[in-house]
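It should be emphasised that the depicted structure is a prediction, and the values quoted were computed from it without experimental measurement.
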Amino acid sequence: MSKLRCHISISLDGFVAGPNQSEENPLGEGGERLHDWVVPLAAFRRAHGEQGGEVNASTSVFEEALENIGAGVMGRNMFGPIGGGAWGDGQWTGWWGDNPPYHYPVFVLTHHSREPVEMEGGTTYHFVTDGIESALEQAKKAAGGKDVMLWGGGQVAQQYLAAGLLDELELHVVPVLLGGGSRLLDNLGDANVRLEQVRAVEAPGVTHLKYRILPGAPS
């Protein structure tokens, strides 16, 4: 059965992006440090068409995150540009260049409609204006029985978690303090989110904490 999975790097004080995000600095001040653990990995470099790199305890975690994914979901702020709004001349096609690293359909949550955008390497962006449930339904259909990866950002992950639609959450906890920015686990209200820890993996510069999302307790 297809699952909705979310793997996301997070600071020790709970932020998935730093303050003052901008087009020039999409992860905010200090936010790039959240990914210092993954960028040097050989597996990461291969996924981005590069050679070389390191092999360490994070390698299997990263490789597992790429397995059995048939579609993705992300928020407008992650797709960009920062600040959202109307699409204008339609030239914006994300942060990742002509050949994004996804290679499957990606459903972007937005308030502004737009025709699908086909990129090199098999990535097609679809723009969903009727909510998180619709985006997930379309993504699962496109995934053809494989899992769907929720790529973020923080607010979108909050919405899926609060709605009880997320099946798996893996936090890559980086020992930095950002002091502000986009928090992951705020605004959950009375959602009664229940987590079961599946594993903890210590690796250079990061600790990987994997959780299964349990059904909420009966009211």
Side-chain angles (χ1 to χ4, degrees), residues 4-48 50 52-66 69 72-84 94-97 100-102 109 149-162 166 168-188 191 193 195-213:
L4 179 63
R5 296 155 49 189
C6 181
H7 292 236
I8 195 164
S9 293
I10 186 169
S11 69
L12 199 59
D13 52 349
F15 296 96
V16 296
N20 301 317
Q21 291 175 266
S22 66
E23 190 166 330
E24 295 74 26
N25 192 9
L27 290 175
E29 297 171 6
E32 291 287 349
R33 298 163 64 195
L34 296 177
H35 303 283
D36 285 349
W37 67 271
V38 68
V39 173
L41 293 180
F44 177 87
R45 295 177 64 83
R46 283 197 305 271
H48 290 78
E50 301 175 5
E54 303 174 5
V55 176
N56 59 38
S58 289
T59 297
S60 61
V61 174
F62 178 79
E63 290 176 337
E64 181 188 277
L66 302 181
I69 302 298
V73 173
M74 69 175 61
R76 168 65 190 274
N77 205 46
M78 180 171 177
F79 180 79
I82 298 296
W95 305 101
W96 305 278
Y102 305 107
L109 286 151
M149 180 62 78
L150 176 57
W151 286 106
Q155 290 185 350
V156 168
Q158 285 175 20
Q159 293 176 46
Y160 278 103
L161 191 56
L166 190 62
E168 181 180 296
L169 175 65
E170 184 143 18
L171 302 178
H172 310 297
V173 183
V174 181
V176 301
L177 301 175
L178 295 180
S182 175
R183 293 185 66 90
L184 177 64
L185 299 175
D186 280 353
N187 305 313
L188 294 176
V193 178
L195 308 175
E196 177 186 28
Q197 183 169 310
V198 176
R199 70 174 180 214
V201 177
E202 183 179 353
V206 64
T207 300
H208 307 285
L209 303 176
K210 184 175 181 179
Y211 300 94
R212 182 180 298 114
I213 314 300

### Task
Please state whether the rings of Y102 and W96 are parallel, tilted or perpendicular, taking 30° and 60° as the class boundaries.
perpendicular
### Query
What are the two closest heavy atoms between D36 and E32, and how far apart are they?
OD1-O, 3.5 Å
#### Entry: Rounded distance [0.5 Å steps], CD in E202 versus CG in L209
11.0 Å
### Message
Looking at every non-hydrogen atom in both residues, tell me the closest pair between E23 and I82 and how far apart they are.
### Response
N-CG1, 4.0 Å
### Task
Please round to the nearest 0.5 Å and tell me the distance separating atom CD of Q155 and atom CG of L109.
11.5 Å
### Task
Could I get the full list of ring-ring contact (aromatic ring centres under 6.0 Å, His included) partners for H35, not counting sequence neighbours?
none
### Query
Who are the side chain to side chain donor-acceptor pair (under 3.5 Å) partners of H172, not counting sequence neighbours?
H208
### Query
Of the non-hydrogen atoms in S58 and V206, which two are nearest, and what is the gap between them?
OG-CG1, 3.5 Å
### All salt bridge (charged side-chain N to carboxylate O under 4.0 Å, His left out) counterparts of D186, not counting sequence neighbours
R183
All N/O donor-acceptor pairs, side-chain side in residues 38-47, below 3.5 Å, sequence neighbours left out:
{"unit_1": "R45", "atom_1": "NE", "unit_2": "Q51", "atom_2": "O", "d": "2.6"}
{"unit_1": "R45", "atom_1": "NH1", "unit_2": "E50", "atom_2": "OE1", "d": "3.3"}
{"unit_1": "R45", "atom_1": "NH2", "unit_2": "Q51", "atom_2": "O", "d": "3.0"}
{"unit_1": "R46", "atom_1": "NH2", "unit_2": "E63", "atom_2": "OE2", "d": "3.3"}

### Task
Apply side chain to side chain donor-acceptor pair (under 3.5 Å) to Q158 and list each qualifying residue two or more places apart in sequence or on a separate chain.
N187
### Summary
Hits for side-chain contact (heavy atoms from CB on, under 4.5 Å) against I69, two or more places apart or cross-chain, chain-then-number order -> R5, Y104, D147, M149
### Query
Taking only residues two or more places apart in sequence or in another chain, which ones pass side chain to side chain donor-acceptor pair (under 3.5 Å) with E64?
R199, K210
## Note on the structure
Residues at least two apart in sequence or cross-chain that pass ring-ring contact (aromatic ring centres under 6.0 Å, His included) with Y160, listed by chain then number, are none
### Residue list, salt bridge (charged side-chain N to carboxylate O under 4.0 Å, His left out) with E196, at least two apart or on another chain
R212
### Message
Can you tell me how far apart CG (L195) and CG (L166) are? Round to the nearest 0.5 Å.
### Response
9.0 Å
### Query
Could you state the interatomic distance from OG1 (T207) to CD1 (I10), rounded to the nearest 0.5 Å?
12.5 Å
## Note on the structure
Scanning both residues in full, the closest heavy-atom pair of G205 with V174 reads O-CG1, 3.8 Å
### Query
Taking all atoms of both residues into account, what is the closest heavy-atom pair of G180 and P19, and its distance?
O-CD, 3.2 Å
### Task
Provide the closest heavy-atom pair for P101 versus H48 in the form atom of the first, atom of the second, distance.
CB-NE2, 3.8 Å
### Task
Would you mind telling me which of V173, V176, I8 makes a side chain to side chain contact (heavy atoms under 4.5 Å, CB included) with L34?
V176
### Query
Does D13 use its side chain to pair, donor to acceptor, with the backbone of G179 at less than 3.5 Å?
yes
#### Entry: Close side-chain approach of L185 to V193, heavy-atom, < 4.5 Å
no
### Query
With a 4.5 Å heavy-atom cut-off, do N77 and Q21 have their side chains touching?
yes
### Message
Going by the rule side-chain contact (heavy atoms from CB on, under 4.5 Å), which residues pair with S60 if we only count those two or more places apart in sequence or in a different chain?
### Response
none
## Note on the structure
The reported gap from CG in L184 to CG in L161 (rounded to nearest 0.5 angstrom) is 7.5 Å
### Query
Nearest 0.5 Å, what's the CZ-OG distance between R33 and S9?
13.0 Å
### Query
Can you list the residues that meet the side chain to side chain donor-acceptor pair (under 3.5 Å) rule with N20, with sequence neighbours excluded?
E29
### Query
Does any N or O in the side chain of W151 come within less than 3.5 Å of the main-chain N or O of F79, such that one atom is a donor and the other an acceptor?
no
## Note on the structure
Taken in chain and number order and not counting sequence neighbours, the residues that satisfy ring-ring contact (aromatic ring centres under 6.0 Å, His included) with Y211 are none
